[in-house]
Structures are given as C-alpha cells and as structure tokens.
Amino acid sequence: MMEKMFEVQDPVNHDTQTLQVNIGPQHPSTHGVFRMNVVLDGETVVSLKPVMGYLHRNHEQIAENISYTASMPYTDRLDYFNSMSNNFAWALAVEKLANLDVPERAQYIRVIMAELTRLVNHVSVIGFLLNDLGAFFTPVLYAFREREKILDIFEEVSGARMMCNFLRFGGIKRDLPAGTLERIKEVIQNFPKFLDEFETLLTKNEILCMRCQNVGVLPAELAVNASITGPMLRASGVNYDVRKADKYSIYDRFDFKIPLGQTGDVYDRYYCRVLEMRESLKILQQALRDIPVTGEIISKKMAPFVKAPRNFKPPVGEAYGRVEAPKGELGFYVVSDGTPQPWRYHVRAPSLINLTILEDLCIGHKVADAIVILGSIDIVLGEVDH
Amino acid sequence: MAFSKNQSEVDEGLKGELAKKGVVVTTINQLYNWGRQSSIWPMQFGLACCAIEMIATACARYDIARFGAELFRPSPRQSDLMIVAGTVTKKMAPQVVRLYNQMAEPKYVITMGACSIAGGPFIDGYNVLRGIDRYIPIDVHLPGCPPRPEALLYGLMELQKKIQSQEIETTEWYQKGMKREYPVPDFGPHGLVPKFNPEVWQPRELDHRKDKYGEPILIGRKTKAPDLDAPLATPPVAQPPKPQTA
Ligand code: SF4
C-alpha cells in the first residue's frame with residue numbers, strides 16, 4: 001500500500017498542476033500592503049504578477065492643490081525611511097525652477113542629513129532582508145539600535161523622528177542646535193564598529209551565502225533597459241550614481257567611490273549596500289571637517305517667504321530635480337504656471353520602477369526565494385503607490 | 001478615559017495582612033483579566049509609515065515585551081489586537097474589515113496615527129478612507145503622525161486598563177448568540193459601498209450622540225473633497241439656444 005502511494009509512473013514528465021497563490025496584501029514579508037499573484041508549479045514560480053495600489057494616497061493630486069512649501073511634508077511620507085533625501089529632491093526641483101542659490105552652510109547640512117538617511121535606510125533594509133531569509137527579527141534588533149541613534153539626531157535638528165520636514169527651498173528650516181555636530185561625529189565614529197560586527201555575523205555566513213548567491217540575477221543589460229537605479233543597478237555592475245553623474249549640490253567636493261557588484265544577485269545587492277554605507281561615512285567625515293562654523297542657512301531671495309510661504313510664486317517654466325536617494329534615482333518633475341500651486345507635479349519613484357522587473361527575477365526560482373528577491377529590491381510601499 | 005476597576009470587596013487591610021503570610025486574595029475577574037492583559041498578541045500588520053514606528057516599538061529601545069505584547073502574529077486567527085498602523089485606502093479597507101472578522105474573540109483594535117483615525121494629512125484625497133472607525137469598532141485612538149513609540153506604549157496601557165475593567169459575566173463575547181462580524185464593504189467604481197456601517201458609526205447629522213453630549217467642536221479649515229461616492233448625475237442635456245430678441 002505504502003509503496004504504491006509513493007510510486008511515480010513517469011518521473012520526468014509526470015503530470016503536475018499549477019497552483020495560483022496570492023501573497024499579500026497582509027503578509028509579513030511583503031513590506032507593507034503589496035500583493036503578489038504567483039502561479040506555482042510545485043514550489044517553482046511560473047509567473048508572478050505584482051498588484052499595487054493598496055496604499056495609493058493621491059500624493060500628486062494633493063500636491064497640485066497646495067502651495068509649494070506645503071508639499072514638503074507630503075514628500076516625507078513618500079519613502080518614510082528617508083524623509084530627508086525626499087525633501088532634498090523636492091527642494092532641488094523648485095530651486096531649479098525658481099533659480100535659487102543655497103548658502104554654503106545649508107549645503108553642507110543638507111548633505112550630512114542625506115547621507116545619514118542613507119545609513120538609516122541601508123541598515124534597516126539589510127535587517128529586513130535577513131528577516132525574509134528567516135533570521136526572524138534578530139538582525140532587525142541590531143539594525144534598529146543603530147537607527148535609533150541617528151533618529152535622535154534627526155529629532156534634535158528637526159523636532160521629529162521620522163517625518164523631518166527639515167529642508168526649505170533655498171536652504172533649511174533652522175540652524176543646527178549647539179553640540180549637534182559633535183554628536184553626529186560620535187555616531188559616525190561608532191558606526192564602523194557596528195558595521196564590522198554586523199559583517200562578521202553576516203557577510204561570510206554560510207546560510208546567507210547559500211540563500212543569496214546566484215539568486216535573482218539581474219543582468220546589466222536588462223537593468224539598464226528597465227531603467228533600474230540605485231544599489232540594484234550598481235550590484236549588476238553598471239557604474240551609475242546620480243551623485244557622480246549629476247554632481248548636484250556639493251557632491252563634487254567629496255572624495256568617495258561607487259561600489260559595484262559583479263553578478264547582480266541578491267548577495268551583491270546586500271554587499272553593495274554595506275559598502276555604500278562605508279562610503280557614506282567617508283562623505284560624512286569630509287563634510288563634518290569642511291562645514292563652515294557659522295553662516296546663512298536660507299538664501300536671501302527666499303527670506304520673505306519664510307513667514308508667508310503661500311506668497312511664493314516661481315516663474316512660469318518646468319524643472320526636474322533629482323537626487324541619489326538610498327533606493328535609487330528620486331526625481332520630482334514640476335511645471336509652474338506662475339500661481340502659488342504647481343500646475344503639474346510628478347514623482348519618479350525609484351521603488352516603483354525597480355519593482356517592475358520583479359517577475360523577470362523570480363521566474364524559475366522557488367517561492368521562498370521570491371520573497372528574498374523582493375526583500376533585496378528594497379521597496380517602500382508609500383513610494384511605490386504614492 | 002476612566003474605567004471602573006474590578007475591585008475585590010475584601011478589606012484592604014486584611015488583604016495586606018494575608019499577603020504577609022503568603023496568601024493572595026483576589027477575584028476571578030481580576031486574575032483572569034491580569035492574565036489577558038499581560039499577553040496581548042498584536043497582529044503583524046503594517047499599512048504605512050506608522051508601521052515603522054510600530055516595529056521600532058517592538059525593538060530593543062522601547063521594547064514592547066515589557067508589556068507582554070511582543071509576540072507579533074502574522075495570522076489574524078492567532079492575534080488579540082489589531083494595530084491599524086497607517087493609511088487605510090479605499091482599496092485596502094475591505095481587507096482590513098475582513099482581517100478583523102477573522103480574528104478570534106476577544107479582539108481589540110488600536111488605530112495608530114492620524115490617517116487611520118480620520119484620514120490624516122491625506123484627508124483631501126480621493127482614495128483615502130476617512131477613518132477606519134466607519135466599519136469596525138475601535139478601542140483606543142492614538143493621534144500623531146506618526147505617534148512616537150512611547151505613545152503606542154501608552155495606548156497599550158490604556159487598552160490594558162480597559163481589559164482590566166471587563167467582567168466575565170457581562171462581556172460581549174460570552175453572551176449567547178454573540179457574533180462580532182461586520183459586513184465587508186465593496187470597492188466599487190465610486191468608492192466603497194456602503195459608505196459606512198451604521199452599527200458602529202453615524203455621520204454627524206444622524207448621530208444621536210449629539211443629543212447627549214452636545215455638538216462636537218470642529219476646529220481647523222473646512223476642506224471639501226470631490227464627492228466621488230455621489231451617484232452620477234445625468235449629463236446636462238444641451239438646450240437649444242434662446243431666440244434672440246431684436
Ligand atoms: S498618520 Fe502620518 S505617519 Fe501615520 S500613516 Fe498616516 S501619514 Fe503616515
């Protein structure tokens with residue numbers, strides 16, 4: 001009886017049925033409210049259709065009905081890990097539109113904040129990636145311990161932990177409180193120690209290597225054709241970083257390298273992020289060394305609009321401002337018709353565009369790998385659905 | 001919020017004397033509620049930005065485990081508490097109600113953040129539900145955008161107070177025929193149908209609570225979003241041009 005049960009008539013071409021499974025929208029590994037419509041043959045993914053829109057918060061519609069400055073807090077909520085770099089991109093777009101200059105000290109503070117954000121993002125993403133691999137919550141505990149230290153700095157400068165709303169067009173909202181720079185220095189000094197600890201636990205970990213290497217390989221050609229950006233593109237070996245390519249703000253003054261991957265698998269994406277954190281630390285050290293001790297924090301042109309932001313009317317025209325956000329190239333396209341509200345406002349969200357190749361990466365892998373691949377893409381649903 | 005505590009009627013002094021001898025006097029209600037309030041299992045269910053603060057609360061610094069609520073369950077069947085952490089869009093609302101229905105009794109809900117209370121910063125949008133309390137009953141509202149982790153802990157403590165005030169004989173889920181399942185709204189082309197569940201929420205004009213407590217005080221600018229839920233008006237019929245009088 002038992003023998004009969006396990007007997008397979010034709011072990012090569014045996015009949016199998018495909019099974020359709022919905023992963024999400026409430027699922028611990030989808031990083032929010034995201035649904036994957038997966039067709040499985042046994043455990044192998046045959047097709048995968050992402051279903052989005054569960055967090056569509058009509059960001060663009062709202063931004064077209066309010067003043068330019070009032071959009072700033074909404075950009076915080078796009079990619080809620082990295083509010084400062086979202087602010088940065090929106091500020092750059094409007095500065096291009098209205099032709100504003102930014103004082104020296106404000107430039108440095110902006111760069112410091114943007115790079116701190118990158119640390120927060122990468123460290124949390126690695127934690128969540130390990131979560132998806134099955135190391136439930138322990139790496140996240142380490143990651144969030146470091147995140148809290150940086151959030152303390154954000155709270156000190158802007159008053160909020162996550163939703164900073166700190167940058168303004170032509171500068172920043174307020175100057176740093178006394179002693180903040182010392183505290184930032186302290187955090188940066190201790191960060192490499194943490195990274196080493198993290199890496200000893202993870203980088204050569206056998207389980208991590210086996211689960212991640214040669215999983216979800218993204219060829220460089222496909223990555224370029226699908227306009228993937230950020231660490232995902234660089235893990236595939238394409239040397240493209242908006243900080244180097246565009247040299248926005250004052251990034252041309254710093255000496256840093258762009259880490260590149262070779263195979264473009266999940267492991268490369270993980271390791272690229274680790275190396276990027278080390279490069280960010282280099283930028284931070286240089287910025288802290290060079291920052292002017294005192295100085296203006298907002299440009300003279302914008303001074304009358306600090307108290308009355310609704311009077312701010314940029315000239316008619318269009319502009320596209322972009323930054324290298326931790327997830328990829330984040331851009332804001334804005335068209336002004338001379339009124340206090342933008343006529344058109346568009347977000348180029350890196351998470352959304354990086355997510356489009358999910359199916360190509362997952363086909364042929366096991367369903368457990370599909371979840372790891374999704375984790376390595378590093379999406380935030382607020383930005384995917386905006 | 002003031003909840004009547006379940007107090008045992010034994011004299012406090014006598015209780016103290018007995019406690020010195022190693023005898024504890026309590027009521028079944030107190031003991032039972034103490035057990036329940038110290039092992040609330042929340043559902044691992046994040047919607048938006050507030051979910052990150054929820055995770056931060058679970059992490060080392062704020063450590064929700066001190067309140068016995070560290071066991072985030074991915075399945076609604078195993079959880080007692082739903083923390084609605086984030087924006088509930090109209091597409092997501094049916095899923096949230098369905099998850100609530102799937103939870104086992106007794107079940108509690110905390111809304112975390114301005115969004116899930118009333119739409120938050122996105123209230124003017126066409127796709128954001130103005131508060132999940134239109135469809136399911138809420139125990140604790142936590143304002144903030146996002147609320148700090150301390151605020152979530154405070155909300156949890158308020159919930160514990162509420163649990164402590166419940167009695168075995170009178171609680172809803174021990175009554176016969178008790179079924180706390182709420183109809184799941186449909187996501188139609190013009191938003192959610194029905195627009196709210198009259199059992200748990202009534203618009204201000206219909207709300208009888210206003211007779212009892214007076215008109216609610218409204219603050220802030222009055223904004224108006226396009227009413228997508230309204231039935232489509234018949235398109236205006238072109239009128240023939242009026243004859244011109246010379
Ligand atoms: S209340 Fe604020 S932080 Fe929370 S989900 Fe809404 S927008 Fe995000």
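All chains are named by letter (A, B, ...) in the order of the sequence lines, taking the proteins before the strands, and each is independently numbered beginning at 1. Here the structure is a predicted model, which means the values were calculated and not measured.
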**Asked** Can B:C145 and A:R77 be said to form a side chain to side chain contact (heavy atoms under 4.5 Å, CB included), step by step?
**Response** CA-CA 10 Å; B:C145 185; A:R77 284 150 183 84; 3.0 Å; yes
**Request:** Quick one: which of B:I52, B:V88, B:V128, B:L99 has the most heavy-atom pairs under 4.5 Å with chain A, could you say?
**Result:**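 Between B:I52, B:V88, B:V128, B:L99, the count favours B:I52.
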Contact class of [X] relative to chain B, heavy atoms under 4.5 angstrom:
X      : value
A:E383 : neither
A:F144 : side chain
A:Y142 : neither
A:R145 : neither

**Prompt:** If every non-hydrogen atom of A:M162 is compared with every non-hydrogen atom of B:C49, which pair is closest and at what distance?
**Reply:**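 For A:M162 and B:C49, the tightest heavy-atom pair comes out as CE-O, 3.5 Å.
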**Prompt:** So, for A:V140 and B:C59, which heavy atoms are closest and what is the spacing to 0.1 Å?
**Reply:**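 Result for this residue pair: CG1-SG, 4.1 Å.
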**Request:** Run the ring-centre check on A:H56 versus B:F122 and record whether the distance is less than 6.0 Å.
**Result:**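 No: the rings miss the under 6.0 Å criterion.
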**Message:** Between A:D385 and B:K91, does any NZ, NE, NH1 or NH2 come within less than 4.0 Å of an OD or OE carboxylate oxygen?
**Reply:**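 No.
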**Message:** With side chain to side chain contact (heavy atoms under 4.5 Å, CB included) as the criterion, how do A:D152 and B:R61 come out once you've worked through the C-alpha distance, each side chain's angles and the decisive distance to 0.1 Å?
**Reply:** CA-CA 12 Å; A:D152 277 352; B:R61 191 188 227 178; 2.7 Å; yes
**Prompt:** With only heavy atoms counted, which part of B:A48 is less than 4.5 Å from chain A, the side chain, the backbone, both or neither?
**Reply:**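 Interface part for B:A48: both.
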**Request:** Please state whether the side chain, the backbone, both or neither of B:F187 comes within less than 4.5 Å of a heavy atom of chain A.
**Result:**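 Contact with chain A: none, neither part.
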**Prompt:** Quick one: CG on A:L141 to CD1 on B:I55, what's the gap to the nearest 0.5 Å?
**Reply:**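 It is 11.0 Å, given to the nearest 0.5 Å.
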**Prompt:** What's the spacing between B:E53 CD and A:L151 CG if we round to 0.5 Å?
**Reply:**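 These two atoms lie 7.0 Å from each other.
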**When A:L55, A:N58, A:V380 are compared by non-hydrogen pairs under 4.5 Å with chain B, the top option** =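 Highest number of pairs under 4.5 Å: A:N58.
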**Side chains of A:R161 and B:P149 in contact at under 4.5 Å (non-hydrogen atoms)** =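 Yes. Closest side-chain heavy atoms under 4.5 Å.
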